[in-house]
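For reference, the structure is listed below as C-alpha cells.
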Amino acid sequence: LGQGATAQAADADKADLQPVFENMARMNGSAFSAQAGLETPMGNFTMLMNGEIKMIPFGYKGDMKMQYRDTKDREMAMVVQQYSLCEAPDILSVYTKMNGQWMLQKMPYTGLPAQDAKVSPEKAAREQLDMLKSCTIVSDTEDSREYLCRIDEKKMHEIADKVLQSQKESKDPVMVQNSAQQAAFFREVMDHMGELSYTMKVDKKTQLVTELNMDLTTAMKNLSSVVGAHDPKMTEAKKKELQNFINQSTLKLQVKYLNHDEPADIVVPDEVKQSAKEIQPVKKTDAAQTETEALAEASSAA
C-alpha cells in the first residue's frame, strides 16, 4: 500500500509539470548561462558559457570560458566566442573565435523538421512528460519548487532513432554514408549509459523552469568501456588506465535561464564573415573512432 501511495504521489508531481512544459514549449528562445565541471586526478576543468539562443529561425551567439587548474594549482584559461545559425537550408554555419582568429565550419543541420516545429505546446509538453519515468518534488519553498526527474531510456532510444533516420534522408551524401555506422555507435552508447536523471527548479509565479542540474558522473563511467571498444589502437593496458582515470573523475552540468524573453534575430557581423577562415570537415568516415582516439590520447597524457 505504501509503495502504491508513493507511486500515485509521483504521478501527481509529474502531472503538475504539464503547464510548466507547455509554457517552456511556447518559448522561442532565451538568454542562459551554463556551467560544466569535470574533476579528474590530473586536475579540474570548468566550462562557463553565457549566450542567447533562438529556435525558429535557429541562431545562437555567446561566449565560453574554459579553465583548467592542475594538481599544483597552476591555471590555464581560454575564451571562445561563437555564432551558430542556418545561412542555407539544412546547413549550420558555426563561426568560432579562438586565439584572435575567426573560423567557419559548415555542417549538416539536424534540427527539428518544419512539421515538428509546429507542434502545439500541449503536444510538446505531453511528449516531454512521456520522456520521464518519474518526477518527484524534492524541495518546496514559497517562490519555487524543485523536482527530481528520471529519464526513460526507451524514449531516448526512440528519439535517437528519429534523428538518425532524418540523417539517412539528408541531401548530404557524407551524412548518409555515415548514418548506419553512427546509428550502431549511438545505440551502443545509449545501451551502456544507464539511468539519467536531473533536478529542475520551477518558478511558482511564472510556471517556468529557471534552473537545471545534472550529474553525469555515472554515465561517463559507464561509457568508458564503449570508448575503449571503438579504438583499435588502444591496448588492454591503456583501456584499464582510461577506466581507472574515469572512475576517479566526476562530471556535473548546470543550466540557468537568465530570462525567458525571446531574443532578436541573431546576425553574424560583416567583419566576422569577412575575416573567418573556413575549415574543411574531417574526411575520416569513422567519426566515433576520431573522438575515441582523442580521449585515449588525453588518458595517455594523464
Side-chain angles (χ1 to χ4, degrees), residues 20-36 46-67 77-121 124-125 127-128 159 162-163 166-167 170-172 174-175 200-201 203 206-214 253-282:
V20 175
F21 287 156
E22 286 181 18
N23 290 338
M24 296 299 292
R26 291 186 181 95
M27 291 171 47
N28 193 37
S30 69
F32 71 93
S33 68
Q35 177 173 329
T46 304
M47 184 190 74
L48 303 170
M49 181 184 295
N50 290 281
E52 293 183 351
I53 188 168
K54 187 168 184 174
M55 302 309 298
I56 304 172
F58 178 79
Y60 161 77
K61 68 175 181 180
D63 59 76
M64 176 172 57
K65 183 177 182 180
M66 293 175 284
Q67 294 175 300
M78 178 173 62
V79 176
V80 177
Q81 293 176 265
Q82 196 170 70
Y83 292 87
S84 299
L85 71 165
C86 293
E87 294 181 313
D90 301 322
I91 299 294
L92 183 68
S93 296
V94 181
Y95 295 84
T96 305
K97 186 179 183 181
M98 297 177 63
N99 300 320
Q101 172 65 53
W102 281 101
M103 295 170 288
L104 167 62
Q105 186 174 15
K106 294 183 179 180
M107 58 189 72
Y109 177 59
T110 56
L112 288 174
Q115 64 270 23
D116 290 342
K118 296 178 182 178
V119 168
S120 69
E127 291 177 349
Q128 194 164 353
I159 290 176
K162 187 174 181 179
V163 172
S166 70
Q167 290 185 354
S170 170
K171 296 178 182 179
D172 187 290
V174 176
M175 179 173 284
M200 179 175 64
K201 189 174 290 187
D203 184 282
T206 63
Q207 287 290 284
L208 289 167
V209 177
T210 59
E211 184 177 321
L212 295 170
N213 288 277
M214 198 169 193
L253 173 68
Q254 180 186 72
V255 178
K256 290 185 177 182
Y257 292 91
L258 303 181
N259 64 60
H260 294 90
D261 298 326
E262 179 179 343
D265 285 346
I266 293 168
V267 178
V268 181
D270 289 339
E271 58 268 27
V272 172
K273 289 185 178 184
Q274 292 167 4
S275 63
K277 178 181 179 182
E278 185 169 354
I279 301 173
Q280 298 303 318
V282 178

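All heavy atoms count here, side chains included; hydrogens, waters and symmetry mates do not. Just so it is clear, the model here is predicted, and its values are computed rather than measured.
- Looking at residues two or more places apart in sequence or on another chain, you find a side chain to side chain contact (heavy atoms under 4.5 Å, CB included) between Thr206 and Asp203, Leu208.
- The side chain to side chain contact (heavy atoms under 4.5 Å, CB included) search around Glu262 returns Asn28, Lys54, not counting sequence neighbours.
- To the nearest 0.5 Å, atoms CG (Asp261) and OG (Ser30) are separated by 9.0 Å.
- With sequence neighbours left out, the side-chain hydrogen bond (donor to acceptor under 3.5 Å, both in side chains) criterion links Gln82 to Thr96.
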Using residues 55-66 as the side-chain source, report each donor-acceptor pair under 3.5 Å to any protein atom, sequence neighbours left out, with the distance given to one decimal.
none

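- Listed for the His260 side chain is a donor-acceptor partner under 3.5 Å among the backbone atoms of Val209.
- Rounding to the nearest 0.5 Å places NZ of Lys277 at 16.0 Å from OH of Tyr95.
- Atom CE of Met27 is separated from atom CD1 of Ile53 by 10.0 Å, given to the nearest 0.5 angstrom.
- Expressed to the nearest 0.5 Å, how far NZ of Lys106 lies from CD of Glu278 amounts to 5.0 Å.
- Once rounded to the nearest 0.5 Å, the distance linking OG of Ser120 with CD of Glu22 reads 8.0 Å.
- Summarising the geometry, atom CG belonging to Asn50 is positioned 8.0 Å from atom CZ belonging to Phe32; distances are rounded to the nearest 0.5 Å.
- Counting only residues at least two apart or in different chains, salt bridge (charged side-chain N to carboxylate O under 4.0 Å, His left out) contacts with residues 266-275 comprise Glu87-Lys273.
- Residues forming a side chain to side chain contact (heavy atoms under 4.5 Å, CB included) with Glu211 (at least two apart in sequence, or on another chain): Lys201, Asn213, Gln254, Lys256.
- In this structure, Leu48 and Ser33 have side chains that are not in contact, with every pair of non-hydrogen atoms separated by 4.5 Å or more.
- Between Pro263 and Gly29, the closest heavy-atom pair is CD-C, 3.6 Å.
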